[in-house]
Amino acid sequence: MEICRTVARLKDAVASRRGMGTVGFVPTMGALHAGHASLVERCRAENVTVVVSVFVNPTQFNDKNDLKNYPRTEEADIALLESAGCDIVFIPSVDEVYPEPDTRQFDFGAIGAVMEGAHRPGHFNGVAQVVSRLFSFVEPDKAYFGEKDFQQIAIIKSMCRQISSPVEIVECPIKREKDGLAMSSRNTLLDAERREAAPVIHMTLAASVARREWADVEETKKWVKEQIDSNELMKVEYYDIVDAVTMQSIDSWDHDGAVYGCIAVQVGSVRLIDNIRYK
Ligand code: PAF
């Protein structure tokens, strides 16, 4: 596995392999876990060259403390990537990715105005900035993203349309711990008590799917919030049941198209997100 810390070295490393076949790319912010490993393994199975980036992108953090506290585990990340079959890892500095400030403002319309977009101002603009830059460095054929960040995938697809990027976006299922908690780098920040309580998020979402038989959409949203908020260690920031493409709230289970429930929960000082498919 080649470790590249500059854009020039990354471009050389990718160029020397491009003629061999497709290039797959997994962008990450490090603190890698089995969820990331599954993205890399899928990328490995579907491409000749596997590139992974490890970069904690400052422009997508709307909260300075969140950026400061974000876990950084470079040595362990490199070991995980070696064993998951990565060919090239890109670990740049902030100046390497942003030699000048990125002043671009993306407009995602209604998709970007709700849920994460409403609660984390500027977050999706920062995601689009960094992912578009990483795409321009790597020029992958395919890029792999986990469905835990469900709305982020819609944002990245929109970004690709806006900049006419040919990269194929591959959506990969959420990986969960044995107790159901969605794998996330942020889970390591939970203290023991909160880590033990956190699986209630997925348990509640999973239980809410059956309620579709007798409860309407509004009642289901209310029930999910009440269940989770009844645990004194947690506070639901939002829970919405949305169309899987437009990200807009639906008001009836008869809605045409796929429907997901998306949640953000503050668990002590740690903010967790998760989602579930209703239909
Ligand atoms: O999902 C993430 O880890 C980040 O938002 C991403 C896509 C790597 C961009 O920094």
Side-chain angles (χ1 to χ4, degrees), residues 4 7 10 24-40 42-43 50-63 66-74 76-77 80-81 84 86 88-98 102 104 106 108 111-112 115-117 119-138 140 142-160 162-163 165 167-175 182-189 247 262 264 270-275:
C4 304
V7 175
L10 168 74
F25 177 44
V26 184
T28 81
M29 297 208 298
L32 303 179
H33 48 67
H36 294 111
S38 75
L39 300 181
V40 179
R42 171 121 179 235
C43 184
V50 173
V51 183
V52 178
S53 60
V54 173
F55 178 61
V56 182
N57 170 40
T59 74
Q60 71 186 76
F61 285 81
N62 55 316
D63 173 349
D66 191 21
L67 173 62
K68 194 171 110 231
N69 296 334
Y70 200 84
R72 288 160 172 90
T73 58
E74 185 180 304
D77 292 348
L80 179 144
L81 292 174
C86 172
I88 300 168
V89 58
F90 180 46
I91 314 181
S93 65
V94 173
D95 287 345
E96 195 63 28
V97 175
Y98 297 106
D102 191 334
R104 288 174 299 164
F106 289 84
F108 302 109
I111 292 176
M115 300 191 293
E116 293 298 283
H119 288 86
R120 299 185 67 188
H123 168 64
F124 283 139
N125 199 60
V127 169
Q129 287 176 342
V130 77
V131 174
S132 60
R133 295 179 91 84
L134 293 169
F135 281 7
S136 75
F137 303 155
V138 179
K142 296 180 176 191
Y144 295 76
F145 295 89
E147 283 178 345
K148 183 174 74 66
D149 295 291
F150 189 67
Q151 192 179 5
Q152 173 173 274
I153 295 179
I155 291 292
I156 288 168
K157 286 181 176 170
S158 168
M159 178 275 289
C160 286
Q162 291 181 39
I163 65 168
S165 166
V167 179
E168 182 187 331
I169 304 303
V170 183
E171 301 171 34
C172 304
I174 299 178
K175 289 287 275 187
M183 287 186 182
S184 164
S185 305
R186 288 193 162 86
N187 292 351
T188 58
L189 302 174
M247 300 291 138
C262 299
V270 183
R271 186 177 181 278
L272 300 178
I273 60 171
D274 201 348
N275 63 75

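Counting starts at 1 for both ligands and their atoms, in listed order. Atoms considered below: every heavy atom in the structure, side chains included; atoms not considered: hydrogens, waters and symmetry mates.
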| task | Select one of side chain, backbone, both or neither to describe which atoms of Ile156 lie under 4.0 Å from any atom of ligand 1, heavy atoms only. | result | neither
| said: To the nearest 0.5 Å, what is the distance between OG1 on Thr188 and NE2 on His33? | reply: 9.0 Å
| query | Tell me, which protein residue and heavy-atom name are nearest atom 3 (O) of ligand 1, and how many Å apart are they? | reply | Met29 CG, 3.8 Å
| said: Pairing donors with acceptors under 3.5 angstrom, does anything connect the side chains of Tyr98 and Asn57? | reply: yes
| query | Does Phe108 have any ring-ring contact (aromatic ring centres under 6.0 Å, His included) partners at least two apart in sequence or in another chain, and if so, which? | reply | Phe106
| said: Rounded at 0.5 Å granularity, tell me how far CE in Met183 sits from NE2 in His36. | reply: 11.0 Å
| query | Looking at ligand 1, does any of its N/O atoms fall within less than 3.5 Å of an N/O of Gln152? | reply | yes
| What atoms of ligand 1 come closer than 4.0 angstrom to any heavy atom of Val130? | 9 (C), 10 (O)
| N/O separation below 3.5 Å, Gln60 to ligand 1 | yes
| said: I need the minimum non-hydrogen distance between Val56 and Met29, along with the two atoms involved. | reply: CG2-O, 3.4 Å
